[in-house]
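Input: a single structure, listed below in structure tokens.
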Amino acid sequence: MPELPEVEVVRRGLDRWVLGRPIESVEVYNPRAIRRHTAGPLHFAEVLTGRTLRAAHRRGKYLWLPTDGGDALIGHLGMSGQLLVQPTDSPDETHLRVRIRFAGEDRELRFVDQRTFGGLSVEPLPDPEDVPPSIAHIARDPLDPKFDPGAFATALRRKKTGVKRALLDQTLISGVGNIYADEALWRAKLHYARPTETLTGPAIATLLDGVRAVMLEALDQGGTSFDSLYVNVNGESGYFDRSLAAYGREDEPCPRCGTPIRRDAFMNRSSYTCPVCQPKPRRARW
DNA sequence: TTACTGACCTGCACGC
DNA sequence: TGCGTGCAGGTCAGTA
């Protein structure tokens with residue numbers, strides 16, 4: 001599943017392979033892949049054709065690529081999305097949704113998405129130095145140099161919810177998905193249902209350290225390839241799943257204390273914890 | 001205003 | 001072999 005490190009790997013690939021190349025044509029094979037572009041597939045293709053992508057930016061798990069026309073191509077990989085730079089003559093992927101060809105290039109950009117939770121859109125970019133309006137509500141991620149740990153701690157304690165639910169709230173802190181939330185909580189020895197208002201300053205600092213550490217380790221290894229759904233722009237998988245301590249390790253021994261890892265249903269998904277290292281709080285918030 | 005829930009979507013694993 | 005069901009999970013609209 002693409003989380004922040006995976007998206008950053010993709011951003012770096014886009015930065016290397018697609019910038020400065022005029023777009024020759026755009027083909028949309030599944031309208032759902034551009035559902036956020038409300039003007040429709042034809043408009044999406046028309047507005048991009050002839051444009052040149054100038055940069056590749058990221059806010060949390062969103063990517064945006066400003067064009068020379070005062071707008072930006074915005075992308076989100078969802079759960080299974082891939083942005084691939086492929087030779088123009090290579091066979092189409094089964095779930096190819098959008099193809100972008102560049103003038104005079106033997107490589108093209110493909111948006112491939114099995115589950116179509118991700119998508120692309122184009123929208124005006126009033127300030128080239130700022131984020132697009134549609135993703136302005138997304139908070140900075142903990143790897144962002146301008147991320148403010150003090151403001152995060154204040155906002156976190158103001159919430160009246162469980163700490164994992166808060167970590168998954170992209171308006172509070174971005175880039176944390178289910179996998180890295182579980183890993184960061186394991187590192188910080190916090191149960192996912194710990195009420196946010198009971199977290200101390202040092203506990204929040206430890207949690208942030210855990211989030212940063214797990215993201216940086218994933219980034220070093222090219223992202224988390226938990227299944228075959230995630231690959232970088234060159235189609236290569238990462239290997240970070242080998243380093244996961246809790247997520248996906250149900251009944252396996254906790255790397256810290258040896259107690260079998262437990263899986264609970266949480267928010268229509270799974271949560272993995274060590275029942276000894278991460279004891280359930282007496283007063284839990286789900 | 002804030003917290004929470006469910007829908008969206010598709011391929012795979014599993015049981016019958 | 002084929003069918004039905006459950007599961008995976010990021011985001012956001014709708015509800016409480």
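Each chain gets a letter, A, B and so on, in the order the sequences are listed, and its residues count up from 1. Atom set for the values below is all heavy atoms of this structure, side chains included, hydrogens, waters and symmetry mates excluded.
- Along DNA chain B, the nucleotide closest to A/Lys160 and the one closest to A/Asn268 are compared, and the more 5′ of them pairs with A/Lys160.
- Between A/Glu6 atom CD and C/dG10 atom C1' the separation is 13 Å, expressed in whole Å.
- The side chain of A/Tyr272 has C/dA8 as its nearest neighbour among C/dG10, C/dC12, C/dA8.
- Under the 6.0 Å distance and 45° angle rule, A/Arg249 does not count as a cation-pi partner of A/Trp186.
- Rounded to whole Å, atom P of B/dA3 lies 14 Å from atom CZ of A/Phe266.
- For the pair A/Arg32 and A/Asp113, the salt-bridge criterion is not met [side-chain N within less than 4.0 Å of a carboxylate O].
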Between the protein and nucleotides 10-13 of chain B, are there any N/O to N/O pairs under 3.5 Å, and if so, what are the atom names and distances?
residue : atom : partner  : partner atom : Å
B/dG11  : OP1  : A/His95  : NE2          : 3.3
B/dG11  : O4'  : A/Gln114 : OE1          : 3.4

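- Tested against A/Tyr29 for a side-chain hydrogen bond (donor to acceptor under 3.5 Å, both in side chains), the candidates A/Arg97, A/His95, A/Arg99 yield a single pass: A/Arg99.
- Take A/Tyr272 and apply the ring-ring contact (aromatic ring centres under 6.0 Å, His included) test, not counting sequence neighbours, and it matches A/Tyr247.
- Here C/dC7 presents its C1' atom at 10 Å from CE of A/Met79, a figure rounded to the nearest Å.
- The CG atom of A/Leu4 sits 11 Å away from the P atom of C/dT11 (whole-angstrom rounding).
- The interatomic distance linking A/Tyr62 (OH) with C/dG10 (P) rounds to 12 Å, in whole Å.
- OP1 or OP2 of C/dT11 has at least one side-chain nitrogen or oxygen of A/His76 nearer than 4.0 Å.
- Contacts of A/Arg35 with the nucleic acid, taken as non-hydrogen atoms under 4.0 Å apart, are absent.
- Candidate nucleotides C/dT11, B/dA3, B/dG6 were compared by shortest atom distance to the side chain of A/Gln170, and C/dT11 ranks first.
- Taking the side chain of A/Arg165 as heavy atoms from C-beta on, and the options C/dC12, B/dC4, B/dG6, the nearest nucleotide is B/dC4.
- The interatomic distance linking A/Asp169 (CG) with C/dG10 (P) rounds to 13 Å, in whole Å.
- For the pairing with A/Arg110, the side-chain hydrogen bond (donor to acceptor under 3.5 Å, both in side chains) check across A/Gln82, A/Gln86, A/Glu93 returns one residue only, A/Glu93.
- Listed by chain and residue number, A/His76 satisfy the ring-ring contact (aromatic ring centres under 6.0 Å, His included) test with A/Tyr62 (two or more places apart in sequence, or in another chain).
- Taking the nucleotide of DNA chain B with the nearest heavy atom to each of A/Arg269 and A/Lys159, the more 5' of the two is matched to A/Lys159.
- Distance, A/Glu250 CD to C/dC7 P: 11 Å, rounded to whole Å.
- In this pair, A/His37 and A/Phe44 present their aromatic rings perpendicular. The plane angle is above 60°, beyond the 30 to 60° band.
- Rounding to whole angstrom units, CG of residue A/Leu167 and C1' of C/dG10 are separated by 15 Å.
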